[in-house]
Structures are given as structure tokens and as C-alpha cells.
Peer 1: 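This structure is in C-alpha cells; I'll ask about it shortly.
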Amino acid sequence: MILQRLELDFFRNYVHVEADFAPGVNVIWGDNAQGKTNLLEAAAYLSSAKSHRARYDRELIQFGVDHAFLKGEVLSRQRQFTLEARLHRGERRQLLSNGVKLKTAGELGEVFNTILFCPEDLSLIRAGAAERRRFLDDAICQLRPKYAAALGEYRRLYDQKTRILRDWEEKPSLLDTLDDFNLRMAQVGAVLIHYRAHFVKRLSALAPPIQGDFSGGREKLTLGYETVSTVTDPEAPPKTILEQLLEHQQSHRRAELESRQCLSGPHKDDLAVNIDGQSARQFASQGQTRTAALSLKLACRELFQEDTGEWPVLLLDDVLSELDARRQAFVLERIDGGQVLITCCEEDKTVPTDGKRFQVKGGTLV
Ligand code: ATP
Ligand code: MG
């Protein structure tokens, strides 16, 4: 898929901008704080209605203005789509595809997918399990609408069960519904585990060769899916997993009531990332951490391509400045295939490209 054109009004520091991108590599360069990341953020928003660095949509609207418009012309599955997001302060956002209002953000992902890599992604390796779960969830949601629905339901159930556990001593009648919640959570949880296990399996085939190439064959990356301890085979059909989840719930029932917390279920899952057999989180160097995070993202991109026959648009924010020349050359070679928007500073603006170069200056494209 190709983002042919992006148009923004009052998005972050852009009053109005129109960019026509090339199908290959687009280099976006400029000084700090000019709007390079904002441009990638806008492209990513049109694929997911989410920003990697804004918690609320209102942060995306220009200071002192009450609305922001984003519009993208996307070529996907040999068809032309116009995607729009209209943000108004204090109102619900509107998402449109070819002028038709969308009901969910997930519908954007059926047309347009992006993979973003940014400096904050080091936390994918360094931070706690929540960060890696989010990575898995975001990627699988984009590929599998069924998973997105299950995840949404699981989160609602989790919140409700947490409330029961928090308040049961004051209101013992709440416990009457606990078994129903437990059963439904185990059913939906089994679906999540099944999907996650299959996704990690495929990622495990794609990411290690990338890390290997990156490091000149010196570093061996391995991935592992860690879930509820009673689950013997997370790739098994959800029906099998369900029994094992119920077993785990049963043995943790007392502890949950006493601690007043939800202790059993896949909301504590993790993706173990190891380099040469050691936990990357604990032992990887800066460079290895960066490379491992990038390998995961590039593997995701390849997995998307395998699944859908289309390359998602790759958004690389500030990736080159952090890498030595050999790794830079490797990135540029590896990303060959789909469309790429890559930001860099003045010094790296000459990276070779078959596409276009844009200079960003104070919220305008020069
Ligand atoms: P760097 O090279 O440092 O990463 P950048 O070019 O990527 O810089 P951006 O992160 O895109 O810079 O941000 C550019 C500017 O946008 C910042 O100065 C920031 O203050 C401004 N900005 C962010 N949000 C808004 C907003 N809602 N309204 C107006 N300006 C904003
Ligand atoms: Mg930036």
C-alpha cells in the first residue's frame, strides 16, 4: 500500500500542509522541533486513529485552534481510498473512508496499515511486560478483527472483575456474579492466548534472521511467548486452553479475593526477547537493544506482507542517526520493497533514495 498524498490542517505545528509522497523511500529531513515526527504521527493516525505519543486526540490539535483535519490518499489492494480524520475539541472524532463515516478505528486498518519505529521503541525491549503486550496486541489487532473484538471484551471483563474483587467485602452479593465473569474471561482469554501464540511463532521465524544480518551473523535473537503457567501448549485450540485457564483461576481464587486483584489470565503475558540466550531486557547493550526493537518491527512488516500481500507503509523516525554506517546501509537495503517515510537530521539527509526528499521547516515543507 502507498500513501500517495497527505494533507493536514491545524495538526500539531502544521497550519496547512500538502505532501505528495513517492512509492519508494521518502526522506524527511530538517532541524529539531520542525515537525518531522508530527508528519509521521499523522500518517500513523490515519491507519489506526491512534498516536504513539498522544494520550488524547486533543493534543494533536494545534494550540489555540478548535479542530484538526487529516486526509490521506491511499492506494491499497489496487484501489484508491481517501481516508479522513476530523478532530474537534470536546466532540467525538469522525473517521471517514471515501466519504463514508466509519464506525470503528479498526476499519481504517482494513484499508491502510503502518509500522512505526521511533526512539521510544527501545522500551519495547527495556520496559516491563505491558509494553511488549501492547506491541503484540497492536500488531494482531491490525491483522485480525476477531482478535481486536476479543481483546476489547477481555478488557471490559477485566475491569468489571477488578471492581468485584475490590468491593466484595463491603458488598458480598457481588460474589454471586464472579463465576460468570471467570468463565467468560477464560473463554475470551483462551482466544487471546491462541492468537498470540501463533503470532509469536511466526515472528520467531522472521525476526532472528533480521537481527542476524544486522549484526553480521554475530547475534542470535530468540523469542518466547510467556503466558498463564497452567497452559501447556498455547498454540492448542482455544477449547483446550480454556480448561487450563479455569484450573488456574480455581487455584488462585483465594489469593484473588485476599489481594483483591485479578491474578489469573493472559493480562500478564509477556514476550521474552533473548539475545544469545540472555534476556535482552537485562543484558543487551544500547546498540543491541535498538537493533532488537527494530528487528521486531521489521519482522512485523514482513509478516503483514506475507498475510495480506501488501507492504504496510514503514515509518522510521530518527533511526539512522543512532546507527553506524554498516547498520544504516543494512536498514536501507532491508526496507526495499514497500513505501517508507524516514526522518533524519541535516547530516543524514543525503541517504540514498529512489524516492523523494522533503525538508521540514517550522511546520512547512520546503
Ligand atoms: P526532532 O528532530 O527534535 O525530533 P521534529 O522535527 O521531529 O524534531 P516534532 O516532534 O515533529 O519535531 O515537533 C515539532 C514541534 O511541534 C515542536 O516544537 C512542538 O512544540 C510542536 N507541537 C507539538 N504539538 C503541538 C500542538 N498541538 N500545536 C502546536 N504545536 C505543537
Ligand atoms: Mg522527531
Side-chain angles (χ1 to χ4, degrees), residues 25-32 36-37 40-41 44 52-53 114-136 138-139 200 202-226 270-303 312 314-338 340-353:
V25 176
N26 295 271
V27 177
I28 296 157
W29 65 279
D31 290 336
N32 292 137
K36 301 183 298 294
T37 302
L40 298 196
E41 185 182 33
H52 66 293
R53 55 180 185 173
T114 56
I115 302 273
L116 172 77
F117 180 79
C118 59
E120 292 91 327
D121 281 327
L122 296 188
S123 62
L124 190 54
I125 307 296
R126 285 275 157 86
E131 207 64 39
R132 285 177 293 282
R133 266 197 313 275
R134 192 148 59 111
F135 163 71
L136 293 178
D138 284 351
V200 173
R202 296 182 59 198
L203 212 56
S204 300
L206 294 167
I210 302 178
Q211 179 91 14
D213 286 353
F214 246 130
S215 57
R218 283 194 302 269
E219 288 164 15
K220 190 165 181 301
L221 182 76
T222 44
L223 303 177
Y225 174 46
E226 296 176 349
D270 199 356
L271 170 71
V273 181
N274 294 307
I275 297 174
D276 296 331
Q278 303 286 355
S279 158
R281 184 179 176 197
Q282 288 166 285
F283 299 108
S285 75
Q286 293 266 42
Q288 285 177 318
T289 303
R290 189 164 295 122
T291 313
L294 188 53
S295 299
L296 286 178
K297 289 286 172 106
L298 292 179
C300 243
R301 171 175 177 263
E302 291 178 11
L303 198 152
L314 184 61
L315 307 169
L316 295 175
D317 195 14
D318 256 344
V319 64
L320 295 179
S321 54
E322 317 248 352
L323 299 172
D324 58 37
R326 197 176 63 85
R327 292 189 184 216
Q328 276 194 10
F330 170 72
V331 175
L332 295 168
E333 199 178 301
R334 188 89 198 188
I335 58 183
D336 194 38
V340 183
L341 272 53
I342 183 168
T343 71
C344 57
C345 55
E346 175 99 43
E347 296 90 77
D348 294 319
K349 71 177 185 216
T350 53
V351 294
T353 166

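Since this is a predicted model, take the numbers as computed values, not measurements.
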Peer 1: Are side-chain heavy atoms of Glu302 and Arg202 found at a separation under 4.5 Å?
Peer 2: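 Of all side-chain heavy-atom pairs linking Arg202 with Glu302, none is under 4.5 Å.
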Peer 1: Any side-chain to backbone donor/acceptor pair from Arg301 onto Ile335? Under 3.5 Å, distance only.
Peer 2: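 A pair under 3.5 Å: yes.
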Peer 1: Just verifying a value: how many Å separate Leu298 CG and Phe330 CZ, rounded to the nearest 0.5 Å?
Peer 2: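 The distance works out to 7.0 Å.
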Peer 1: Can you tell me how far the CG atom of Asp317 sits from the NE2 atom of His52, to the nearest 0.5 Å?
Peer 2: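 Reported to 0.5 Å precision, the distance equals 6.0 Å.
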Peer 1: Is there a side chain to side chain contact (heavy atoms under 4.5 Å, CB included) between Arg281 and Val273? Walk through the geometry before answering.
Peer 2: CA-CA 7 Å; Arg281 184 179 176 197; Val273 181; over 6 Å; no
Peer 1: If you look at every heavy atom in Phe214 and Leu294, which pair is closest and at what distance?
Peer 2: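 Shortest heavy-atom contact: CZ-CD2, 3.3 Å.
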Peer 1: Taking the side chain as C-beta and beyond, is there a heavy-atom pair between Leu341 and Thr114 under 4.5 Å?
Peer 2: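 Sidechains of Thr114 and Leu341: no contact.
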Peer 1: Taking Ala127's backbone N and O only, do any of them form a donor-acceptor pair with Arg132's side chain (distance below 3.5 Å, no angle check)?
Peer 2: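 Yes, the answer is positive, given that a donor and an acceptor are paired below the 3.5 Å cut-off.
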Peer 1: Please report the shortest heavy-atom distance between Cys300 and Ala139, naming the atom on each side.
Peer 2: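 Answer, listing the atom of Cys300 first, then Ala139: SG-CB, 3.8 Å.
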Peer 1: I need the minimum non-hydrogen distance between Ser295 and Leu221, along with the two atoms involved.
Peer 2: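 So the minimum-distance heavy-atom pair works out to CB-CD2, 4.4 Å.
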Peer 1: Output the distance between atom OG1 (Thr343) and atom NZ (Lys36), rounded to the nearest 0.5 Å.
Peer 2: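 Thr343 atom OG1 to Lys36 atom NZ measures 6.5 Å (nearest 0.5 Å).
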Peer 1: Compare every heavy atom of Arg290 with every heavy atom of Phe117, then report the nearest pair and how far apart it is.
Peer 2: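 Closest approach of Phe117 to Arg290: CZ-O, 4.1 Å.
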Peer 1: If you draw a 6.0 Å radius around CZ in Arg134, do more than 12 non-hydrogen atoms from other residues or ligands fall strictly inside?
Peer 2: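 Open: at most 12 neighbouring heavy atoms sit under 6.0 Å from CZ of Arg134.
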Peer 1: Please check: side-chain N/O of Lys297 versus main-chain N/O of Ile115, any donor-acceptor pairing under 3.5 Å?
Peer 2: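 The answer is no, because no donor-acceptor pair under 3.5 Å joins these two groups.
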Peer 1: Less than 4.5 Å apart, any side-chain heavy atom of Leu40 and any of Ile28?
Peer 2: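 Touching, per the 4.5 Å side-chain cut-off.
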Peer 1: Any chance you could measure Arg133, atom CZ, to Glu226, atom CD, to the nearest 0.5 Å?
Peer 2: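 It comes to 11.5 Å.
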Peer 1: Can you name the nearest heavy-atom pair linking Gly277 to Asn274, along with the distance?
Peer 2: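 Result for this residue pair: C-CB, 4.2 Å.
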Peer 1: Please confirm whether the backbone N or O of Ile210 pairs with a side-chain atom of Asp213, one donor and one acceptor, at under 3.5 Å?
Peer 2: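 Answer holds: no.
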Peer 1: Quick one: pull up CG in Leu136 and CG in Leu271 and give me the separation to the nearest 0.5 Å.
Peer 2: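 The CG atom of Leu271 is 5.0 Å from CG of Leu136, to the nearest 0.5 Å.
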Peer 1: So do the side chains of Leu296 and Ile125 get within less than 4.5 Å of each other, counting heavy atoms only?
Peer 2: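 Sidechains of Ile125 and Leu296: in contact.
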Peer 1: Does Asp276 reach the main-chain N or O of Glu219 with its side chain, forming a donor-acceptor pair under 3.5 Å?
Peer 2: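 No, because the side chain of Asp276 does not come within donor-acceptor range (under 3.5 Å) of the backbone of Glu219.
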Peer 1: State, with a plain yes or no, whether a side-chain heavy atom of Leu203 is found less than 4.5 Å away from one of Phe135.
Peer 2: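 Yes. Closest side-chain heavy atoms under 4.5 Å.
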Peer 1: Nearest 0.5 Å, please: how far is CG in Leu122 from CD in Glu131?
Peer 2: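 The distance works out to 10.5 Å.
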Peer 1: Write down the atom of Gly224, the atom of Val200, and the distance for their closest heavy-atom approach.
Peer 2: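 Here Gly224 and Val200 meet closest at C-CG1, 4.3 Å.
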